[in-house]
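Just so it is clear, the structure is predicted and the values come from calculations on it, not from any experiment. Numbers restart at 1 for each chain; the letters A, B, ... are given by sequence-line order, proteins then strands.
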Amino acid sequence: MPELPEVETVRRDLAAAVRGKKIVAVQVNRAQVIRQPDVRRFVKGLAGVTITGVLRRGKLLVLELSNGKALTVHLKMTGQLVYPGDARTSRVSFRFSDGTWLDFNDQRVFGEVRLLDDWHMLPLVRSFGPEPLEMSREQFAGLFAGRSTRIKPLLLDQKVIAGIGNLYAAEILFRCGIDPRRWAGSLSTAEIGRMYTATRAVLAAAIKHGGSSVDDYVRVSGKPGAYVPYHKVYARSGKPCLKCRTTIERISQGGRGTYFCPACQR
DNA sequence: AATGGGACCTGCGCGC
DNA sequence: TGCGCGCAGGTCCCAT
């Protein structure tokens with residue numbers, strides 16, 4: 001499932017693959033992923049524009065265009081951007097002036113693609129909290145002070161901090177030894193400091209390895225990311241903790257699975 | 001303010 | 001073999 005490290009990997013891959021290319025046609029195989037009322041306007045609006053840059057905000061990809069607009073892509077659960085593609089099994093494909101295709105694939109059709117005049121005005125973007133990798137320790141600590149909710153669901157809340165999903169929330173809390181059931185407001189300054197360090201370390205390491213290929217995530221080349229072997233707790237319930245051999249547990253928080261080591265995480 | 005549920009989707013693994 | 005079921009989860013939306 002694409003979270004910050006996966007989306008950042010795709011951003012970098014995409015910048016290298018398609019920046020400077022001119023879109024000459026769009027093939028819409030499943031109109032549902034175009035999250036705006038007029039699909040024809042989406043298609044016409046992209047003809048003849050060049051991709052000038054690729055940005056990421058939270059889990060959202062932003063392709064900057066030569067006409068000042070932006071093509072935004074949210075991969076949600078099963079979205080992929082693949083280049084070069086073939087437009088055969090994609091949901092939407094973009095054809096460039098050199099004849100190549102960029103495919104947006106999405107098995108579960110949760111993904112969202114938009115053509116926007118100003119991507120900053122997208123409600124999702126307006127609601128985002130700060131970027132975890134562009135934040136001071138003090139700013140990070142301020143996110144949790146006085147919050148009467150458990151720490152793991154809070155890390156997942158994009159309004160609080162943008163980009164962390166279920167997998168990395170689990171890995172971050174294992175790394176800093178904090179129980180996911182802890183009340184956010186009960187964390188000491190030292191614990192928040194450890195969580196800050198762990199957040200940056202886990203996300204940076206995952207980016208370095210091209211993300212985690214669980215479910216459908218692949219890089220733009222179609223190759224998997226290489227971070228799964230580094231997972232310590234995610235999807236490891238019933239298996240021994242890699243640090244202390246205690247059995248990893250799975251509980252449900254906010255309707256989502258939480259994996260943790262009951263001995264290492266306090 | 002916080003929480004819980006359903007909706008959106010579809011493939012997979014499970015029990016029978 | 002085949003069926004129904006629960007599960008996976010990012011985000012939105014509604015109810016409490």
Flag yes if A/Leu75 and A/Leu156 sit in one hydrophobic cluster, no otherwise; membership is Ile, Leu, Val, Met, Phe, Trp, Tyr, and two members link when side-chain heavy atoms are under 4.5 Å apart. no
Could you tell me whether [X] and [Y] make a salt bridge, using a distance below 4.0 angstrom between a side-chain N and a carboxylate O?
{"X": "A/Asp13", "Y": "A/Arg219", "value": "yes"}
{"X": "A/Arg56", "Y": "A/Glu131", "value": "yes"}
{"X": "A/Asp179", "Y": "A/Arg266", "value": "no"}
{"X": "A/Arg12", "Y": "A/Glu8", "value": "yes"}

How does each nucleotide of nucleotides 11-16 of chain C score, in 5' to 3' order, for protein heavy atoms under 4.0 Å: base (B), sugar-phosphate only (S), or none (-)? BS----
With a 4.0 Å limit, can you tell me whether [X] has a side-chain N or O closer than that to the phosphate oxygens OP1/OP2 of [N]?
{"X": "A/Tyr234", "N": "C/dG9", "value": "yes"}
{"X": "A/Arg150", "N": "B/dG4", "value": "no"}
{"X": "A/Thr78", "N": "B/dT10", "value": "no"}

Nearest-nucleotide 5' precedence on DNA chain B, A/Gly254 against A/Gln107: A/Gly254
Pick base, sugar-phosphate or nothing for [X], based on heavy-atom distances below 4.0 Å to the nucleic acid.
{"X": "A/Arg30", "result": "sugar-phosphate"}
{"X": "A/Ser148", "result": "sugar-phosphate"}
{"X": "A/Gly257", "result": "sugar-phosphate"}

Do A/Leu46 and A/Leu65 have side chains that get closer than 4.5 Å, going by heavy atoms?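 The answer is yes, as the side chains (C-beta and beyond) meet within the 4.5 Å cut-off.
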Length of the [atom1]-[atom2] vector between [X] and [N], whole Å:
{"X": "A/Leu155", "N": "B/dA2", "atom1": "CG", "atom2": "P", "answer": "14 Å"}
{"X": "A/Leu154", "N": "B/dA2", "atom1": "CG", "atom2": "P", "answer": "8 Å"}
{"X": "A/Tyr259", "N": "C/dC7", "atom1": "OH", "atom2": "C1'", "answer": "9 Å"}
{"X": "A/Asn105", "N": "B/dT10", "atom1": "CG", "atom2": "P", "answer": "15 Å"}
{"X": "A/Arg108", "N": "B/dG11", "atom1": "CZ", "atom2": "C1'", "answer": "7 Å"}
{"X": "A/Asp216", "N": "B/dT10", "atom1": "CG", "atom2": "C1'", "answer": "10 Å"}
{"X": "A/Tyr217", "N": "B/dG11", "atom1": "OH", "atom2": "P", "answer": "22 Å"}
{"X": "A/Lys152", "N": "B/dA2", "atom1": "NZ", "atom2": "C1'", "answer": "16 Å"}

Winner on side-chain proximity to A/Thr149, out of B/dA2, B/dC8, C/dC7, is B/dA2
What is the base-pairing partner of B/dG11, counting Watson-Crick and G-U wobble geometry with both distances under 3.5 Å? C/dC7
Taking the six-membered ring of A/Trp183 as reference, does the NZ or CZ atom of A/Arg150 fall below 6.0 Å from its centre and within a 45° cone about the axis? yes
